[in-house]
Amino acid sequence: MAEALRLTETPAWRALQGHYEKIKDVHLRQLFADDPKRGERLTAEGAGLYLDYSKNRITDETIRLLIQLAAERGVAQRRDAMFAGEKINSTEKRAVLHVALRAPQGTQIKVDGVDVVPEVHAVLQKMAAFSDRVLTGQWNGHTGKRIKNVINVGIGGSYLGPEMAYAALRTFSDPAMNFRFVANIDGAAFVEATADLDPAETLFILSSKTFTTLETMTNAATARKWIVSALKSDAAVAKHFVAVSTNAAEVAKFGIDTANMFGFWDWVGGRYSMDSAIGLSTMIAIGPKNFEKMLAGFRAMDEHFRIAPPERNLPMLMGLLSIWYNNFFGAQTVGIMPYANRLRRFPAYLQQLQMESNGKHVDLEGRPVTYQTGPIIWGEPGTDGQHSFYQLIHQGTKLIPCDLIGFCQPLSEFAGHHDLLMSNVFAQAEALAFGKAAAELKEEGSPDFQIPFRVCEGNRPTNVILAESLTPKALGTLVALYEHSVFTQGAVWNIDSFDQWGVELGKILARRIIPELESRTETELNHDSSTNALIRRYRNSRGRKVLENS
Ligand code: F6P
């Protein structure tokens with residue numbers, strides 16, 4: 001069989017290259033002047049989200065060619081394979097089924113011939129029953145005190161989603177309860193999370209897919225000591241720890257009854273797991289009913305992604321636009337700017353989702369890619385960022401496409417702030433697109449010497465995403481939007497968006513260095529000269545010796 005064409009050899013890619021040369025200097029001012037209806041036309045709606053993509057440096061031809069690219073790369077077929085439970089994570093030979101986590105009861109999704117949907121719902125029911133017991137005081141601490149504090153111990157995908165979701169949906173949680181998150185192995189993280197808490201009122205959720213992650217296991221051991229020494233009994237562990245994991249054997253070894261373990265499956269990637277049992281802290285915070293609403297939001301976007309035609313398919317359009325800037329304009333980064341303080345951890349969440357998924361250097365056949373893959377994702381909530389780094393986006397020398405995310409309805413008691421907040425979403429998108437020309441400045445009376453400094457070229461692209469309000473449902477929809485946009489990009493690039501081999505090397509090397517730092521006897525070092533010198537300096541500072549010749 002003839003080898004499939006490499007990405008850069010496909011007709012659509014070549015056509016996009018030619019097209020890029022033609023439109024790379026066309027200004028958004030021109031595009032809007034040529035088509036007065038552009039701002040209404042280049043929009044799409046799905047699952048309650050409105051996407052205005054008109055302020056992108058595109059024409060109808062760009063969209064046509066990007067959609068052709070998706071077709072030539074088999075994005076829709078790959079999407080259907082994912083929804084059907086095929087093992088599209090080929091380097092780990094695993095299905096990729098975060099969509100099964102929110103599939104309605106009665107749907108059939110099979111992995112190795114077994115329908116996984118009933119298992120998903122069994123875990124959701126177990127989570128709901130447990131959450132209700134905690135919330136109604138049927139599950140109390142060892143001394144009989146009500147649980148008032150819930151601490152999720154986990155890192156990466158076992159942390160970023162729960163922390164982001166709690167910050168986003170805090171209005172839906174009982175203000176008398178505290179939810180905290182311990183991820184970093186730096187002991188300061190544990191101290192900060194627990195300093196003002198009573199161990200007798202504190203429940204730890206140990207969240208780790210593998211239950212072997214160094215950070216999580218170290219923090220879990222510290223938590224165990226904190227509980228046992230305060231409550232003076234090993235038996236307290238049973239009442240103050242539950243686990244979320246795929247590794248029942250390790251959970252049991254820790255001393256947690258596996259009846260209090262909430263399972264998930266190898267076909268859920270860590271960064272795609274916030275709506276699995278990894279969301280247990282979220283469910284306790286917002287309650288099972290609101291958690292179900294969040295799942296409904298995910299589900300609505302899944303359906304939209306599955307059936308909407310490409311030209312109206314939000315995740316498909318956003319994924320393809322990201323490719324347009326990354327691979328043709330050479331943009332290195334994407335800014336994520338949620339205009340909602342409660343979404344302040346959303347950029348960090350999307351960093352893992354996108355960069356761990358699409359930061360890949362070989363294609364599915366193991367060949368080095370000859371094109372750029374995943375962009376660098378970063379961002380802060382608006383309006384904070386405007387008074388910090390937006391200057392570089394407006395007048396710097398780098399092209400930074402940005403997603404501005406806003407909500408029409410405020411959730412805050414101080415609703416008067418909302419119009420001011422949202423005016424900034426619209427103003428920033430407008431300013432980035434259209435800028436300020438020298439002639440306008442002159443007309444407004446700017447002194448001549450200042451004009452070059454005040455000119456804003458504009459032509460900075462944005463997507464504006466509007467939702468009604470920051471509810472559990474809207475959050476689910478937004479997360480699924482980005483999950484599927486990441487999928488679209490990975491499918492075009494022909495990479496495995498679901499493995500993460502790159503993070504392994506550092507973990508292995510740290511395990512080798514740990515005893516070299518800890519050893520109280522004179523230690524020989526056999527690293528490169530830089531690593532040796534750093535370790536020597538550290539050991540000296542801690543009063544530990546290194547053999548002279550190393
Ligand atoms: O950082 C790598 C990683 O494997 C992530 O993909 C994952 O989310 C995280 O570590 C935590 O892993 P675990 O849930 O197994 O503790």
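Keep in mind that what you see is a predicted model, and the values were worked out from it rather than measured.
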*Worked verdict on Arg299 versus Glu292 for salt bridge (Lys or Arg N to Asp or Glu O under 4.0 Å)*: CA-CA 10 Å; Arg299 198 182 302 138; Glu292 170 45 36; 3.2 Å; yes
Ignoring hydrogens and geometry, is there a side-chain-to-backbone donor-acceptor pair from [X] to [Y] under 3.5 Å?
X: Ser276; Y: Phe264; value: no
X: Asn327; Y: Gln372; value: yes
X: Asn219; Y: Asn184; value: yes
X: Gln354; Y: Val486; value: no
X: Asp115; Y: Ile109; value: yes
X: Lys209; Y: Val268; value: yes

Quick one: [atom1] on [X] to [atom2] on [Y], what's the gap to the nearest 0.5 Å?
X: Ile405; Y: Asn463; atom1: CD1; atom2: CG; result: 9.5 Å
X: Ile336; Y: Asp403; atom1: CD1; atom2: CG; result: 4.5 Å
X: Arg344; Y: Asp384; atom1: CZ; atom2: CG; result: 10.0 Å
X: Thr222; Y: Ile185; atom1: OG1; atom2: CD1; result: 8.5 Å
X: Ser131; Y: Lys126; atom1: OG; atom2: NZ; result: 12.0 Å
X: Lys289; Y: Phe291; atom1: NZ; atom2: CZ; result: 15.0 Å

Locate the shortest heavy-atom distance separating [X] from [Y]; write the atom from each residue and the value.
X: Asn526; Y: Arg512; value: O-NH2, 3.4 Å
X: Leu517; Y: Arg544; value: O-NH1, 2.7 Å
X: Leu203; Y: Phe241; value: CD1-N, 4.1 Å
X: Ala168; Y: Leu470; value: O-CD2, 3.7 Å
X: Leu214; Y: Thr218; value: O-OG1, 2.6 Å
X: Thr488; Y: Phe305; value: OG1-CE1, 3.6 Å

Distance only, no hydrogens: is a donor on one side chain within 3.5 Å (strictly under) of an acceptor on the other, for [X] and [Y]?
X: Glu215; Y: Thr213; answer: no
X: Thr91; Y: Trp501; answer: yes
X: Glu365; Y: Asn494; answer: yes
X: Gln500; Y: Arg271; answer: yes
X: Asn247; Y: Thr210; answer: no
X: Thr531; Y: Asp528; answer: yes
X: Thr523; Y: Glu516; answer: no
X: Trp267; Y: Asn89; answer: no
X: Glu119; Y: Trp265; answer: yes

*Which residue pairs satisfy the salt bridge (Lys or Arg N to Asp or Glu O under 4.0 Å) criterion with at least one member in residues 182-197, sequence neighbours excluded?*
Arg180-Asp196
*Quick one: which residue pairs count as a salt bridge (Lys or Arg N to Asp or Glu O under 4.0 Å) with a foot in residues 478-492, not counting sequence neighbours?*
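Checked against salt bridge (Lys or Arg N to Asp or Glu O under 4.0 Å) - neighbours excluded - the pairs reaching residues 478-492 are Arg102-Glu483.
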*From CA spacing to verdict: side-chain hydrogen bond (donor to acceptor under 3.5 Å, both in side chains), Thr373, Asn358*: CA-CA 6 Å; Thr373 59; Asn358 284 342; over 6 Å; no
Closer than 4.0 angstrom, basic N to acidic O: yes or no for [X] and [Y]?
X: Glu163; Y: Arg345; value: yes
X: Lys253; Y: Glu250; value: yes
X: Lys93; Y: Asp266; value: no
X: Asp496; Y: Lys360; value: no

*Would Phe298 and Lys473 satisfy side-chain contact (heavy atoms from CB on, under 4.5 Å), going step by step from the backbone distance to the final call?*
CA-CA 7 Å; Phe298 275 98; Lys473 185 165 185 208; over 6 Å; no
Is the closest side-chain heavy-atom distance between [X] and [Y] below 4.5 Å?
X: Phe172; Y: Leu411; value: yes
X: Pro401; Y: Ser322; value: no
X: Leu481; Y: Met318; value: yes
X: Lys148; Y: Asp174; value: no
X: Val479; Y: Met301; value: no
X: Asn152; Y: Val182; value: no
X: Gln351; Y: Glu356; value: no
X: Ile88; Y: Arg78; value: yes

Does anything in [range] pair up under ring pair (Phe, Tyr, Trp, His ring centres under 6.0 Å), and if so which pairs, sequence neighbours excluded?
range: residues 134-161; result: Phe130-Trp139
range: residues 335-369; result: Phe346-Tyr482
range: residues 81-100; result: His98-Tyr272

*Which of these passes side-chain contact (heavy atoms from CB on, under 4.5 Å) with Pro315: Arg79, Gln489, His484?*
His484
_Does the plane of the ring in Phe190 sit parallel, tilted or perpendicular to the ring in Trp226? Use 30° and 60° as the thresholds._
perpendicular
*Take Thr471 and Lys293 through the test side-chain contact (heavy atoms from CB on, under 4.5 Å) and record every step on the way to the result.*
CA-CA 9 Å; Thr471 57; Lys293 288 182 189 160; over 6 Å; no
*Results of side-chain hydrogen bond (donor to acceptor under 3.5 Å, both in side chains) for Thr194 - residues two or more places apart only*: none
_Ile465 vs Leu404, test: side-chain contact (heavy atoms from CB on, under 4.5 Å). Steps then yes/no._
CA-CA 6 Å; Ile465 300 163; Leu404 309 184; over 6 Å; no
*asked:* Run the side-chain contact (heavy atoms from CB on, under 4.5 Å) test on Val111 and Leu97 for me, step by step, so that the C-alpha distance in whole Å, both residues' side-chain angles and the decisive distance to 0.1 Å come before the verdict.
replied: CA-CA 9 Å; Val111 177; Leu97 272 182; 3.3 Å; yes
*Any cation-pi pair here, Arg224 with Phe254, using under 6.0 Å and within 45°?*
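Yes; both conditions hold, so Arg224 lies above the ring face of Phe254.
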